[in-house]
Amino acid sequence: MDVSYILDPLNDAQREAVTAPPGPVLVLAGAGSGKTRVLVHRAAWLIGVERVSPWGMLAVTFTNKAAAEMRGRLQELLGVPAAGMWIGTFHGLSHRLLRAHWREAGLPEAFQILDAEDQQRVVRRVLRSLELDEARWPPKEVQRFINARKDEALRPARVDHRGDPYVQQLVRVYRAYEEHCARAGLVDFAELLLRTLELWHGHPQLLAHYRERFRHILVDEFQDTNAVQYDWLKLLAGHSGQVFAVGDDDQSIYGWRGARVENLKRLTDEFPATRIVRLEQNYRSTSTILRAANAVIAYNQGRMGKSLWTAGEPGEPLELYSAFNEQDEARYVVGRISAWIEHGGAPNEVAVLYRSNAQSRAFEEALIMSAIPYRVYGGLRFFERAEIKDALAYLRLAANRDDDASFERIVNQPARGIGERTLAAVRERARHEDSSLWHAARLLVAEGATATRAAKALQGFLERIDRIASRMRGLPLHEQVDQALGESGLLEHYKADRSEKGRARVENLEELVNAAQSFAHEGELPPEAEGLDPLAAFLAHAALEAGEAQGDPGQPCVQLMTLHAAKGLEFSLVFLCGMEEGLFPHQLALEESGRLEEERRLCYVGLTRGRRHVVLSYAERRRLHGAETFPHPSRFLYELPQELLHEVRPRVTVARPASPAGADTDVDHAPGLPGALHLGQRVAHPKFGEGVVLNYEGKGSHARVQVNFEHAGSKWLVVAYANLEPV
DNA sequence: ACCACCTGTTATTAT
DNA sequence: AACAGGTGGT
């Protein structure tokens, strides 16, 4: 049997992992050491050599992107699709199981998935029904509390409040929240996992069935598993523990949502037979980039210990640019990208990485100005847009009348004369009957108990939903969506808005029909959708995979994303922007003890995304939450070996304005500049008239300043030639 | 009940 | 800066 196609592309360590005899395996895989390759080749090995049917294998990842990549690469390696193999995210696979066994799981057949925003609305609703003040019980915190408990597999009854009245109250809200979800047939993200775990616990014959089937489990990014996910895997693996897990403790960046690095150690403790393989050769980056990354991560305590090395060339030093402000930062980055593209570089080989989504804006503006195609990942995504969620809510309510969250969302959207008073009556009745809002509204209408005008409006709404549901029957998915858009009055409503925003919304709604069409038609209905009716599958897809924000996937684009979103990806040219204390490491992480190391791991992740070039940048002033700040350079910059750094531009060359309240005191004066030019200085130019100095660059005879002229607009001028007169 | 406007609040990371 | 929620006029 020729297995060279599986083994030849592997190094010794990779081969050891791939060919390990049956039994638990933990692969500690450093960044760029071929982690995905090992997973994929392991699957191929099991199929090709161990004669395991793909049908008996389960592969779990954390993101849809990772799952899709694994599926694609496996298919490429095998030459055929690995039909029957379950590949998906924890959430996707759990969802699939719950759809198949909704009855045993205690869910209604048409249960709907709550995304984070939906969940917050439900929490608000519950807080109100308990008459708790939102100021004292911030919905966000309550939401975090609930999710954190669920991530630990703790139902309200099992939460240890230790007599703390504050926690007791939170538990009360948690319980009420659960009751609300149960009645409305709503399942949040954490619930998908926990409910599946309980499904197995409560139905041993079901568990036995899946254990029998999935003798081989592959897990990606094991360091990101939370308590429930660990239990989920352990339960499914059973005593044999045939888990092939790949992970890297240095890339654990999801602690804030319950991930536990300790699960790596726990696995080896609870399955003592676990074979540990270390992948330490990096194939991705230059040795310079690797040295830089290793130096930074070395500041962390208690690592499991790996030393990444490469046989690659040293390459270029890392570049560091200190920008005047975020616009200057973006300008520099985009300038660098332009040069890269001019020299024949591919735009899609470039990534601009940052700590928080809000930072994308300055880069987007600069990229648009330079007409460079780009794509932003994250942020507000397609299925998270308000108009899309409105439309989906119509579909969801048509599918499940008890879905209170959807009911609340659209009962008066578009406005149809159902106001707060009417709604209050419906809620009150629902509480009284312990029923859904839909049921309560029905009763009120039937009894004619509300004012006739309100009752008519309410009745109109109920009939509208019923009409949508009945007209949808038998139609292909995209026509169902199209039909609902029309019948709901949503399309009309948004069309009436002739503003820019309104037009965009109409476009999005139309795009939703297209999305439905391609979802159903492309023949690649996600496998977890099998056996589901297309609408249910589409709605689940919308909740579980929010879709990309924008960008034309057809053309090569510069990639903009957060550091978190970049994990698992690699690029020839990587920008790490906003390297500032308070931004990265983030302020909120600095305020809580013990969270700095995760930020540092995030920095490690960022650096190791780069193959050839890494450019770091920070701004000396930055508008943050509407206010001007004067941040200090990130500590991570000081943790980099300075000999690996090349500072692109010497620091201050033109006098800076005095900073407020001692934020920064070094007001340097540039040698060789005529007069006292400084930022904010009013100047006069012989041709352009008067203006204000906005920005500066370079030094000596090359110094340039940006001046915003009252009539001529903003211009960059070489100070030596411009003849500027301070006014 | 609806809409436009104002005011106060709040700011990561994401399945 | 952005947004949710509240206020006041229609």
Side-chain angles (χ1 to χ4, degrees), chain A residues 60-67 88-95 113-121 124 128 134-135 138-141 143-144 147 150-151 187-193 221 224-226 228-229 252-259 326 353-362 377-381 383-384 386 412-424 451 453-454 457 497 540-547 549 561-567 578 582-592 595 598-599 601-603 605-606 622-629:
Chain A
V60 201
T61 63
F62 277 84
T63 65
N64 295 295
K65 215 193 307 180
T89 63
F90 278 102
H91 294 88
L93 296 170
S94 296
H95 172 249
I113 300 170
L114 290 176
D115 70 12
E117 191 210 339
D118 301 331
Q119 184 186 31
Q120 208 185 356
R121 292 170 102 99
R124 279 217 159 84
R128 244 170 261 176
E134 288 192 8
K140 270 223 162 87
E141 272 177 41
Q143 184 183 24
R144 268 180 44 181
N147 287 336
K150 288 193 180 190
D151 285 343
V187 173
D188 60 48
F189 287 142
E191 184 73 25
L192 286 169
L193 306 177
E221 309 276 19
D224 289 338
T225 52
N226 64 27
V228 165
Q229 286 157 343
S252 163
I253 56 175
Y254 285 103
W256 51 274
R257 59 171 206 207
E326 65 269 31
L353 308 182
Y354 35 78
R355 180 59 175 70
S356 66
N357 283 306
Q359 287 169 258
S360 72
R361 204 164 137 169
Y377 290 85
L380 189 60
R381 289 172 297 181
F383 287 112
E384 292 167 356
N412 202 32
Q413 172 67 18
R416 49 174 70 90
I418 301 169
E420 205 38 55
R421 291 187 81 92
T422 315
L423 209 45
R453 191 145 60 112
D497 179 356
H541 166 80
L544 289 173
E545 191 171 359
M561 66 187 88
T562 63
L563 289 155
H564 284 89
K567 186 154 72 113
L583 233 204
F584 186 37
H586 196 279
Q587 190 60 41
L588 295 174
L590 290 171
E591 282 164 10
E592 258 178 86
R595 292 190 51 189
E598 185 157 303
E599 296 286 304
R601 291 192 289 268
L602 199 50
C603 183
V605 166
R622 179 181 296 274
R623 281 197 92 78
L624 223 49
H625 323 312
E628 197 85 6
T629 61

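Throughout, a chain's letter reflects where its sequence line sits, starting with A, and its residues are numbered from 1. Predicted, not measured: the structure shown is a model, and the values here were computed from it.
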Atom-pair distance ([atom1] on [X]; [atom2] on [N]), nearest Å:
| X | N | atom1 | atom2 | answer |
| --- | --- | --- | --- | --- |
| A:Glu545 | B:dA14 | CD | P | 15 Å |
| A:Glu117 | C:dC3 | CD | C1' | 12 Å |
| A:Glu134 | C:dG5 | CD | P | 7 Å |
| A:His625 | B:dT12 | NE2 | P | 7 Å |
| A:Leu624 | B:dT10 | CG | C1' | 13 Å |
| A:Ile418 | B:dA1 | CD1 | C1' | 11 Å |
| A:Arg144 | B:dT12 | CZ | P | 11 Å |
| A:Phe383 | B:dT15 | CZ | P | 14 Å |

Is the aromatic ring centre of A:Trp256 closer than 5.5 Å to the centre of the six-membered base ring of B:dT13, with the two planes inclined by less than 30°?
yes
Identify whether a stacking contact exists between A:His586 and B:dT12, where the ring centres must be under 5.5 Å apart and the planes under 30° apart.
yes
Indicate, with a heavy-atom threshold strictly under 4.0 Å, whether [X] touches base, sugar-phosphate, or nothing.
| X | value |
| --- | --- |
| A:Asn412 | sugar-phosphate |
| A:Arg124 | sugar-phosphate |
| A:Arg595 | base |
| A:Phe189 | base |

Using heavy-atom distances to pick each residue's nearest nucleotide on DNA chain B, tell me which of A:Gly419 and A:Lys140 is more 5'.
A:Gly419
Residue closer to the 5' end of DNA chain B, A:Glu599 versus A:Ala116 (nearest nucleotide):
A:Glu599
Can you tell me how far C1' in C:dG5 sits from the matching atom in B:dT12, rounded to whole Å?
24 Å
Assess whether a salt bridge exists between A:Glu384 and A:Arg381, defined as any Lys/Arg side-chain N lying under 4.0 Å from an Asp/Glu carboxylate O.
yes
Can A:Arg595 and A:Glu592 be counted as an ion pair, charged N to O under 4.0 angstrom?
yes
Any chance the rings of A:His91 and A:Phe62 have centres within less than 6.0 Å?
no
Would you say A:Gln119 and A:Asn147 are linked by a side-chain donor-acceptor pair, where the criterion is simply a distance under 3.5 Å?
yes
Are [X] and [N] close enough that a side-chain N or O sits under 4.0 Å from OP1 or OP2?
| X | N | value |
| --- | --- | --- |
| A:Asn357 | B:dA14 | yes |
| A:Arg623 | B:dA11 | no |
| A:Thr562 | B:dT12 | no |
| A:Thr422 | B:dA1 | yes |

Side chain of A:Arg355 only, please: which of B:dT15, B:dT13, B:dA1 is the nearest?
B:dT13
Cation-pi between A:Lys65 and A:Tyr377: NZ/CZ under 6.0 Å from ring centre and within 45° of the ring axis?
yes
Closest non-hydrogen contact found for A:Leu583 with A:Ser356 is CD2-OG, 4.2 Å
